[in-house]
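Worksheet for the structure shown next.
The shown structure was predicted, so the numbers you read here are calculated from the model rather than taken from an experiment.
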Amino acid sequence: MTRSVIDPVTRIEGHLRVEMEVENGKVSDAWVSGGCFRGIELVVENRTPEDAAQIVQRICGVCPVSHAHASSIAAEKAYGITISNNARIIRNILEGAQFLHSHILWFYNLAGLDYVNPLNALKADPADAMDLARAAGTSMNSDFVALKEHLSQFAENGQLSIFSGNWFDAEDGTGFKLPPELDLICTAHYLEALGMQAKASQISALLGGKMPHVMTLRPGGTAFVPTDQKLDDLKLLVDELYNWIEATMIPDVLAIAPYYADAFEYGKGPGRYIAWGVFEREDFKMSNRYLPSGVLDENLNLSEPDEKAIAEWVGRSWYKGSETYQAPNFTTEPEYTDYNVNDRYTWVKCPSYNGNSMEATSLSRILAAYKRNVPFIKEHVDAFLKALGHEGDLSVAQSTLGRTAIRQIETLYIATCMKEWVDELIEAVKSGDSEYFRAPETTTGEGSGFWEAPRGALYHSESVKDGKIQGYQIIIPSTWNLAPKNEKGQHGPLEEALIGVPVGDIEKPINALRTVHSFDPCTACSVHISEPATGKRFETVTSPWGVK
């Protein structure tokens, strides 16, 4: 039996183990195990919904705004509040800033080094790189000569800094396929992306008081009140972000994709998708959000979300019992036993929709928006598929590289919307509209917040009595995507996406890593591969502490 353990897979947040069985050069079975018990639902019991909107942000430092937003929506449903128009716009901008930060971070600094080899950029001719960037239509803001010199210094002293610990030599050096000049361009954009993330977080801090874990988003609206100076700063930051995203991200995707065309052929997952929708319009309808809600079956037929169709099974997870719980009445009673892929092997519960596993990623949002004929999404997806030589073929998007690449259409769409929302807020302030918060008239009720985090569909549900929470449940995107096998024996979405992935290097299975990163799981991953045909064993530890 050949076994490969990577602990942890870097460029992912949290604790995740992925165990794969490999036969004839492809993954034949897979088990995904979340290694961290969270239990935030227990922390907010007997607290106020206002407290909960702050506390649940601590689930994640990358997408805290989404948790505060979903929690506030749940409370507003319980309280019977419809927030003001100003609060709607400000929340959209605050959420949009977090999405842009997360999308830029994920594409360049988390997933990017699965495709880009900065060491190969040492072979590049900076003048040729400039010509290639011009031909690709991507931005040329960096000094390629100076960047190459800095990379040379890293390589010469053996300290690769932020580029260390990666698999650039996978598959005997053939796993990375970009020409040196394109590697140099994308390395420059990797570094630029660090600054662009900071600008997105500046917007969040401007509207939210700080970032991460904003302070102004609360049930009833927002505590942020715009001033002339804050609006000027906001407009400047949004315009700067838009200009960089528009000039850089989709052109980079289209430049990289031809070198990894095989990654459009694997990593599909179940082919069923859920999106609850994000960014409110004036009517507050989930189906009419800027990125609308939708449930898509295997044939991409669209239906409306139904809370009653959501259930969670705990039969393969480390919780008490083996029951199936119907939304919104779930359970959070931990009970660790042993790691056993034939029984219980994860802290991640197993959510289902009408009894089926469902993918909940940015791809889900794009497909739902496409099916609902959102003009920007429809136009850009069609153009994207045509540029790849797959005009009209949405199946291309349902793959490892498709899931990775098409998210940048959403990034550009959100950046475009951000410009519109800022203008809309300025006009509202000019008109004298000064309503930002609405207090509840009742403090007893039940409500569910259907929303999206950058990684996918997010659900918060709470029951409130006399202003105190009596029950609270959360299903985050990674719970859907990293789910274990369900009662039917269906693999969770990531497990299913891994099956069939080619493994050319048992010690550094780069295609499996690309597939894991394409889901942008909010966890750190330990990948474990077994090959029954041999008795070999390989293990490498890449933890910065040198421990498992």
Side-chain angles (χ1 to χ4, degrees), residues 38-84 86-99 101-102 201 203-225 276-280 284 286 328 330 332 435-455 457-477 522:
R38 187 163 43 95
I40 284 287
E41 293 94 337
L42 303 181
V43 177
V44 299
E45 287 284 341
N46 296 314
R47 294 180 180 266
T48 68
E50 291 76 13
D51 285 344
Q54 292 295 312
I55 293 169
V56 297
Q57 293 188 66
R58 272 67 187 175
I59 290 170
C60 182
V62 178
C63 52
V65 177
S66 300
H67 287 287
H69 217 142
S71 182
S72 294
I73 292 171
E76 286 150 6
K77 297 291 185 184
Y79 287 167
I81 296 174
T82 299
I83 62 173
S84 68
N86 279 345
R88 175 189 68 84
I89 301 167
I90 290 167
R91 283 190 182 184
N92 279 351
I93 298 170
L94 184 58
E95 188 75 61
Q98 178 201 247
F99 265 69
H101 167 270
S102 185
S201 287
I203 296 172
S204 297
L206 180 66
L207 274 64
K210 66 184 183 71
M211 183 67 179
H213 310 140
V214 297
M215 299 183 292
T216 60
L217 205 169
R218 55 174 296 162
T222 176
F224 172 77
V225 177
W276 306 144
V278 65
F279 306 116
E280 301 282 17
F284 292 96
M286 288 171 57
F330 301 133
T332 314
E435 186 182 18
Y436 300 97
F437 177 78
R438 292 174 178 171
E441 295 183 2
T442 179
T443 56
T444 296
E446 296 181 353
S448 297
F450 285 86
W451 198 240
E452 296 278 326
R455 288 158 181 80
L458 178 63
Y459 170 90
H460 283 238
S461 180
E462 64 184 49
S463 176
V464 187
K465 184 177 181 181
D466 297 328
K468 294 294 182 70
I469 292 171
Q470 303 300 303
Y472 202 103
Q473 287 298 324
I474 306 167
I475 306 179
I476 63 172
C522 200

Identify the two heavy atoms, one from [X] and one from [Y], that lie closest to each other, and give their separation to 0.1 Å.
X      : Y      : answer
Ile81  : Ala439 : CD1-C, 4.1 Å
Phe450 : Met286 : CB-CE, 3.6 Å
Ala97  : Ile203 : CB-CG2, 3.6 Å
Cys63  : Arg455 : SG-NH1, 4.0 Å
Phe437 : Pro219 : CE1-O, 3.1 Å

Do [X] and [Y] come within less than 4.5 Å of each other through their side chains, counting heavy atoms only?
X      : Y      : value
Tyr79  : Thr443 : yes
Glu280 : Trp451 : yes
Cys522 : Val62  : no
His101 : Pro454 : no
Gln54  : Val214 : no

#### Entry: Partners passing ring pair (Phe, Tyr, Trp, His ring centres under 6.0 Å) against Phe279 (at least two apart in sequence or in another chain)
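Partners of Phe279 by the ring pair (Phe, Tyr, Trp, His ring centres under 6.0 Å) criterion, ordered by chain and then number, come out as Phe99, Trp421.
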### Message
I'd like to know if the side chain of Arg218 and the backbone of Ala53 have a donor-acceptor N/O pair within less than 3.5 Å.
### Response
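No: the side chain of Arg218 does not pair with the backbone of Ala53.
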### Query
Are the side chain of Ser71 and the backbone N or O of His67 linked by a donor-acceptor pair below 3.5 Å?
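Not at all, since once roles are kept as given, no pair shorter than 3.5 Å links the two residues.
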### Query
What do the steps show when you test Val65 against Met211 for side chain to side chain contact (heavy atoms under 4.5 Å, CB included), and what is the final call?
CA-CA 9 Å; Val65 177; Met211 183 67 179; 4.3 Å; yes
[atom1]-[atom2] distance between [X] and [Y], expressed to the nearest 0.5 angstrom:
X      : Y      : atom1 : atom2 : value
Ile83  : Ser72  : CD1   : OG    : 9.0 Å
Ile73  : Glu462 : CD1   : CD    : 11.5 Å
Glu50  : Ile469 : CD    : CD1   : 8.5 Å
Thr222 : Leu207 : OG1   : CG    : 7.0 Å
Gln473 : His460 : CD    : NE2   : 11.0 Å
Leu206 : Thr216 : CG    : OG1   : 9.5 Å

### Query
Taking only residues at least two apart or on different chains, which pairs with a member in residues 440-453 satisfy salt bridge (charged side-chain N to carboxylate O under 4.0 Å, His left out)?
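Sorted pair list: Arg365-Glu452.
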### side chain to side chain contact (heavy atoms under 4.5 Å, CB included) assessment of Gln470 paired with Val464
CA-CA 6 Å; Gln470 303 300 303; Val464 187; over 6 Å; no
### Greater than 12 external heavy atoms within 6.0 Å of Lys210's NZ
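It does: Lys210 NZ has more than 12 such atoms within range.
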### Message
Let's go through His69 and Leu94 carefully: what are the C-alpha distance in whole Å and the side-chain angles of both, what is the deciding distance for side chain to side chain contact (heavy atoms under 4.5 Å, CB included) to 0.1 Å, and is it a yes or a no?
### Response
CA-CA 10 Å; His69 217 142; Leu94 184 58; over 6 Å; no
#### Entry: Inter- and intrachain pairs under side-chain hydrogen bond (donor to acceptor under 3.5 Å, both in side chains), touching residues 56-66, at least two apart
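For residues 56-66: Ser66-Glu95, Ser66-Gln98.
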